[in-house]
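Structure record follows, encoded as structure tokens.
Please read all numbers here as calculations on a predicted model, not as lab measurements. The sequence lines fix the lettering, A, B, ..., with proteins before strands; numbering per chain opens at 1.
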2 protein chains.
Amino acid sequence: MSSPRHITLKELAAELGVSTASVSNAFNRPDQLSPKLRERILSEARRLGYRGPDAKARSLRTGRSRIIAVVLAETLTYSLNDAVASELLSGIAEVLDAHGHTLLLLSGRQDASRVPGSSSIADGFIVYGLMPSLVLLDELQGTGRQPLVAVDFDLEGQPTVHVDDEPACYAIARHALTTPPRRPAVINLRLTEQPCNGRIGDDQALLSAERTITRARLAGFQRAFAEVGIDPAAVPMWNIEENTFEVCAPVIEAILDAPADERPDLLLCMSDRIALTALTLAEQRGLRVPEDLRITGFDGIAEGQYRAPRLTTVRQDSVEKGRIAARMILGLSPREDRLLSTKLIVGDTCP
Amino acid sequence: MSSPRHITLKELAAELGVSTASVSNAFNRPDQLSPKLRERILSEARRLGYRGPDAKARSLRTGRSRIIAVVLAETLTYSLNDAVASELLSGIAEVLDAHGHTLLLLSGRQDASRVPGSSSIADGFIVYGLMPSLVLLDELQGTGRQPLVAVDFDLEGQPTVHVDDEPACYAIARHALTTPPRRPAVINLRLTEQPCNGRIGDDQALLSAERTITRARLAGFQRAFAEVGIDPAAVPMWNIEENTFEVCAPVIEAILDAPADERPDLLLCMSDRIALTALTLAEQRGLRVPEDLRITGFDGIAEGQYRAPRLTTVRQDSVEKGRIAARMILGLSPREDRLLSTKLIVGDTCP
DNA sequence: GGACGGTTCTGTATCGATTTAGTTAGCCTA
DNA sequence: TAGGCTAACTAAATCGATACAGAACCGTCC
């Protein structure tokens, strides 16, 4: 099949003997020309296989592409398999879709120079999670041309969408501590400055407080411990670098395989993924949950609620977070910080 | 802070007293100018806050955007929460990332006119699953300008990436039928012409065979039934429209809540999501799996393997499917049909 | 009949880069 | 010293549209 060669708006105009302006208007502003001419143009376009104005040229000329970029702190592969990130993306996609925009996925892990470069094409950026390269953030902010919204971390001078991590973690810890644990433990998610999967020793530096939600979550736990008379510093802590079964499993196995008199009987986990991994591995070892081991999570992902026993956790509405960020970036709602509230879900793993 | 006004390559060139060509070359072809001049240009660019060539203009001029669009048959919200689609996207993202491309997400559910229009910006399309609107497909193919790869369905004249659905389903059904079931049943995924969640009656039209993988899967099951002397037409079938817990649950509840002497003792499900929903609901009802009810799935998603009992299923490597499609679209491997093989996973739900 | 207002249509500058063909400068060689 | 080559740089056309200012047309009203 001989491809009928690519036709442009200009050629179509020439073919019809009208100006390019009219052809453009036929596609973009029906009110600017007579219905008769418009119909003639559109039908000739169909006949010649002209698909409408070229998006590349249009976006150059108008300055807008109807593309919003989401920059994810982790690799795309990781993010796409993470329930929380997926929910966020769902919420974003829902709003963008409804307003005729599309979604460009970028990872903060890729070559920092590429992100701002290759994507000055986007009309705006939603940045999710603290980027490993702060340079990248500077670049993104520096352009100053496209709006930017931060999700789940603070970014000077830009609006942020978060949840109330500290109070939420305080609340779930308080709930868990109403039954005094003999040996509580905390499993953090990306708390340390240097990557670490395992026990957090005294020698490990923690991330600076203002840059991450992890610190806020831990602070909530610790406030609750202090309040019931447990020295927060005495509670053993572990760290997980990546919120996946594969990474969590060995750490949790090490915890559960400790002698019974050293094994924790309460695990406060910073994500449902961690908590569910703990639950699965505990069950495999014949430990009874919650009798032998109580477990709490964070996030409220579906997987934890549609199983037995149901996970005790804090529900954060990541879909809504995405919707809000998307509306802000589209200018449908004011660009200002938003703090969403969370909800304690008392399931079966820590009644 | 007074935004220092947006600067262009041309202005930068004027500022430096060199030609725009040299500035362009400084960014794109270091070998075309002296290191000295290049350094002068780059440092001046830094000083003035010039972030490199504008992506919109560059893509117009060069005709390439380094963006690959993935068109998903379902809504983005749905696809992002579906483990199989997410895996596919992971594989695609992995390859695109490695080759400096980015990923634009489009849904075949949105206004058909918008997809080809708003995204003639993409350098290529990966289309996943049969679009509800065939018009859209025609449009996409019609452009003829950008390459297109189909995943999980056949598209005339375009390369396709699939798995061997029929043999795979034949194999798992044969495995399941080695223990003769008293009352086998099949739960299909999107098999009917008209949307339907529930029992498939004789009155319902099935999708035409060449347009969907569902028919191939069913054919595999049926071949196995026939081979062991069970009349395929006598096996009750249900249909599920959307691969989510929420949609599956009521259908499966209806199946499980039937009187014990009518309740199936073997469920062949067309996805792991369906199978896992059945498993959860069966457990809630105190049914023993596999003693009272045997269940098989399809896909091999992680969730089915990291739980007890482990799901008996067919593993298809969706990540690899994504990688292959992405390589094809980037021209890294030949544009030709690819059939991936699957693997029977004998878990605990149907030993 | 001419001024006026409104609609419809056109000519052309412009968006911000890339790229080809061509110029200039500098060096080597015979 | 002229001729030839290469390296370094530039001028200008081009990618495919949009949008402004203005031209042409048409009917109306005084």
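For I7(B) and dC15(C), the CD1 to P distance is 14 Å, given to the nearest whole Å. One interatomic measurement links the two molecules: CG of D54(A) to C1' of dC15(D), which rounds to 9 Å at whole-angstrom precision. dG16(C) atom P lies 14 Å from atom CZ of R64(A), rounded to whole Å. One atom, CD1 of I41(B), and another, P of dA8(D), lie 13 Å apart when rounded to the nearest Å. Here dA17(D) presents its C1' atom at 12 Å from CG of N25(A), a figure rounded to the nearest Å. For the pair L9(A) CG and dG11(C) P, the interatomic distance rounds to 14 Å; values are reported in whole Å. In this structure, NZ of K56(A) is placed 15 Å from P of dT18(C), rounded to the nearest angstrom. The CD-P distance, from E39(B) to dC9(D), rounds to 13 Å in whole Å.
The V18(A) side chain lies nearest to dT10(C) when the options are dA17(D), dG16(C), dT10(C). In the set dT8(C), dA19(D), dG16(D), the nucleotide with an atom closest to the side chain of S34(A) is dT8(C). Side-chain atoms of R61(B) lie closest to dA13(D) of the nucleotides dA8(D), dA13(C), dA13(D).
Residue-level contact check: T20(A) touches the bases, meaning some heavy atom is under 4.0 Å from a base atom. At the heavy-atom level, L33(A) lies under 4.0 Å from the strands shown only through sugar-phosphate atoms. Contacts of V23(A) with the nucleic acid, taken as non-hydrogen atoms under 4.0 Å apart, are absent.
Between R29(A) and dA19(D), a side-chain N or O to OP1/OP2 separation shorter than 4.0 Å is present. A sub-4.0 Å separation between OP1 or OP2 of dG16(D) and a side-chain N or O of Y50(A) is absent. In this model, the phosphate group of dA8(D) is not approached by any side-chain N or O of S22(B) to a distance below 4.0 Å at OP1 or OP2. Dashed line: the shortest gap from a side-chain N or O of N28(A) to OP1 or OP2 of dT18(D) is under 4.0 Å.
With DNA chain C read from its 5' end, the first of the two nearest nucleotides for D31(A) and A21(A) is the one closest to D31(A). Heavy-atom distances to DNA chain D give each of K10(A) and S19(B) a nearest nucleotide, and the one nearer the 5′ end belongs to S19(B). Residue order along DNA chain D, read from the 5' end via each residue's closest nucleotide, puts R38(B) first among L60(B) and R38(B).
Scanning both residues, L80(B) and L80(A), for their nearest heavy atoms gives CD2-CD2, 4.1 Å. Between H101(A) and I68(A), the shortest heavy-atom contact is ND1-CG1, 4.0 Å.
A salt bridge is absent between R327(B) and E336(B): the closest approach of a Lys/Arg side-chain nitrogen to an acidic carboxylate oxygen does not fall below 4.0 angstrom.
At a threshold of 4.5 Å between non-hydrogen side-chain atoms, the residues R323(A) and I92(A) do not count as touching.
Residues T8(B) and D54(B) bring no donor and acceptor atom of their side chains to less than 3.5 Å of each other. Side chain to side chain, H162(A) and D337(A) fail the donor-acceptor criterion of an N or O pair below 3.5 Å.
No N or O donor and acceptor, one from the side chain of R58(B) and one from the base of dT18(C), sit under 3.5 Å apart.
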